[in-house]
Amino acid sequence: STEAVATKCRRSRTKFTEEQLKILVDAFNKKPYPGYAIKQRLALEVNTEESRIQIWFQNRRARHRFLKRPEKNLDLRQDRAYPEENIQGVRDRRCRTSYTSSQLQTLMNAFMENPYPGIDSRQQLAEDIGVPESRVQIWFQNRRSRLRIQKKREPEEGSAQRQNQGQDL
DNA sequence: CCTAATCTAATCAGGGTCCCCCTGATTAGCCCATTAGG
């Protein structure tokens with residue numbers, strides 16, 4: 001098995017310089033849950049894609065979640081508990097991407113071909129439909145997730161159309 | 001080895017359409033998610 005995709009699967013690792021890390025760590029200490037505007041500004045300041053900034057914050061939070069002092073292990077979420085104090089607008093998210101039907105068609109076709117596209121495929125796809133690669137990646141994640149849920153909800157369709165008792169909850 | 005990249009599951013939230021549904025965006029992950037590149 002494993003016909004090992006010839007093309008590279010993962011995006012190559014981003015290597016941050018010390019300066020870049022200093023800026024990021026500084027921002028993280030100020031605000032471990034930055035909104036979109038802050039992430040965008042950091043991306044500019046550090047000269048990296050915003051998606052890399054987002055991943056960096058995710059990974060750092062994961063690492064620090066348990067690195068923190070055990071006596072106060074609820075700190076990371078404090079920031080979310082008091083949204084009033086946020087300098088930046090509360091709940092500052094990236095704007096929803098709205099796909100056209102032809103863009104969706106392209107994504108669907110690619111999904112049926114391979115629901116786990118590597119970086120090269122995603123980038124090609126992103127270029128084809130004119131959307132950032134990070135959005136394509138999210139689209140595939142959500143698509144896979146919802147397909148799983150749907151399959152779970154409808155266990156089988158081809159066989160066994162009789163017994164269907166007590167499956168709720 | 002360290003940590004960026006990736007994954008699943010759950011949840012928040014925008015927008016259409018009529019108050020619920022679809023789906024994009026964000027987050028956590030707990031013997032402390034897993035995988036793998038440099």
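Labels below follow one simple rule: chain letters A, B, ... track the order of the sequence lines, proteins then strands, and each chain is numbered from 1.
Taking the C1' atom of each, B:dT8 and B:dT35 are spaced 14 Å apart, rounded to whole Å. Rounded to the nearest Å, the gap between the P atom of B:dC30 and that of B:dC2 is 22 Å. Rounded to whole Å, the P atom of B:dT17 lies 14 Å from the corresponding atom of B:dC22. Atom C1' of B:dA33 sits at a distance of 11 Å from the matching atom of B:dA9, rounded to the whole Å. Distance noted for atom C1' between B:dT6 and B:dT26: 16 Å (whole Å). For the C1' atom pair drawn from B:dC31 and B:dT27, the interatomic distance equals 22 Å after rounding to whole Å. Straight-line distance between the C1' atoms of B:dA5 and B:dG29: roughly 15 Å, to the nearest whole Å.
OP1 or OP2 of B:dT26 lies within a sub-4.0 Å distance of a side-chain N or O belonging to A:R94. For B:dT3, neither phosphate oxygen OP1 nor OP2 lies less than 4.0 angstrom from any side-chain nitrogen or oxygen of A:R60. Neither OP1 nor OP2 of B:dA13 sits under 4.0 Å from any side-chain N or O of A:Y36. Regarding contacts with the backbone of B:dT6, a side-chain N or O of A:R11 is found under 4.0 angstrom from either OP1 or OP2. At least one side-chain nitrogen or oxygen of A:R122 sits closer than 4.0 Å to the OP1 or OP2 atom of B:dT6. Put simply, A:Q54 has a side-chain N or O that comes within less than 4.0 Å of OP1 or OP2 on B:dT26. One finds no side-chain N or O of A:R65 lying less than 4.0 angstrom from the OP1 or OP2 phosphate oxygen of B:dC30. One finds a side-chain N or O of A:T14 lying less than 4.0 angstrom from the OP1 or OP2 phosphate oxygen of B:dA5. For A:R144 and B:dA9, the shortest distance from a side-chain N or O to OP1 or OP2 is not below 4.0 Å. OP1 or OP2 of B:dA25 lies within a sub-4.0 Å distance of a side-chain N or O belonging to A:R135. Listed pair A:T97 / B:dA25 meets the phosphate criterion, a side-chain N or O lying under 4.0 Å from OP1 or OP2.
The side chain of A:S145 approaches B:dA9 more closely than any other nucleotide in the set B:dT11, B:dT35, B:dA9. Of the listed nucleotides (B:dA4, B:dT27, B:dG24), B:dG24 has the atom at the smallest distance from the side chain of A:N142. The side chain of A:R63 lies closest to B:dA4, out of B:dG29, B:dA4, B:dG24. Distances were taken from every side-chain heavy atom of A:R148 (C-beta onward) to each of B:dG38, B:dA4, B:dT8; the shortest belongs to B:dT8. The side chain of A:R13 sits closest to B:dT3 out of B:dT3, B:dT26, B:dC7. For A:W139, the listed nucleotide lying nearest its side chain is B:dG24; candidates were B:dT27, B:dA4, B:dG24.
Note on A:Q137: only backbone sugar-phosphate atoms sit closer than 4.0 angstrom, heavy atoms only; bases stay farther off.
Looking only at distances, no side-chain donor or acceptor of A:R52 sits under 3.5 Å from a matching main-chain atom of A:T14. Although no hydrogens or angles enter the test, the distance criterion places no donor-acceptor pair under 3.5 Å between the side chain of A:R122 and the main chain of A:E133. A distance-only check finds no donor-acceptor pair linking the side chain of A:R93 to the backbone of A:G35 [under 3.5 Å].
Sorted by first then second residue, the side-chain hydrogen bond (donor to acceptor under 3.5 Å, both in side chains) pairs that include residues 95-107 of chain A, not counting sequence neighbours, are A:T100-A:S102, A:T100-A:Q103.
Judged purely by distance below 3.5 Å, without hydrogens or angles, the side chains of A:D128 and A:Q124 pair a donor atom with an acceptor atom.
Listed here is the closest heavy atom pair of A:A110 and A:L125: CB-CD2, 3.6 Å. Counting all heavy atoms, side chain and backbone alike, A:V25 lies closest to A:W56 at N-CH2, 3.7 Å.
Nearer to the 5' terminus of DNA chain B, by closest-nucleotide assignment, is the contact made by A:L21 (compared with the other of A:L21 and A:F140). The residue among A:S98 and A:I55 whose nearest nucleotide of DNA chain B lies closer to the 5′ end is A:I55.
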Fill in the blank from the handout: 5' to 3', nucleotides 14-19 of chain B under a 4.0 Å protein heavy-atom cut-off (B base, S sugar-phosphate only, - none) gives B-----
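If you measure from atom CG of A:N59 to atom P of B:dG29, you get 14 Å, rounded to the nearest angstrom. Rounded to whole Å, the distance from OH on A:Y116 to P on B:dT35 is 13 Å. Across the protein-nucleic acid pair, A:N114 atom CG and B:dT6 atom P stand 13 Å apart, rounded to whole Å. Spacing between atom CD1 of A:I149 and atom C1' of B:dC21 amounts to 14 Å, rounded to whole angstrom units. B:dT6 atom P lies 6 Å from atom CZ of A:R52, rounded to whole Å. Atom CZ of A:F111 and atom C1' of B:dG24 are 15 Å apart (whole Å).
Counting distance only, with no hydrogens placed and no angle test, the side-chain atoms of A:R143 and the base atoms of B:dT23 include no donor-acceptor pair under 3.5 Å.
A side chain to side chain contact (heavy atoms under 4.5 Å, CB included) with A:V46 is found for one member of A:L21, A:T17, A:I23 and no other, namely A:I23.
Under the 6.0 Å cut-off for aromatic ring centres, A:F111 and A:F140 qualify, their centroids lying closer than that.
Of the charged side-chain nitrogens involved, at least one lies within less than 4.0 Å of a carboxylate oxygen, so that A:R41 and A:E45 count as a salt-bridged pair.
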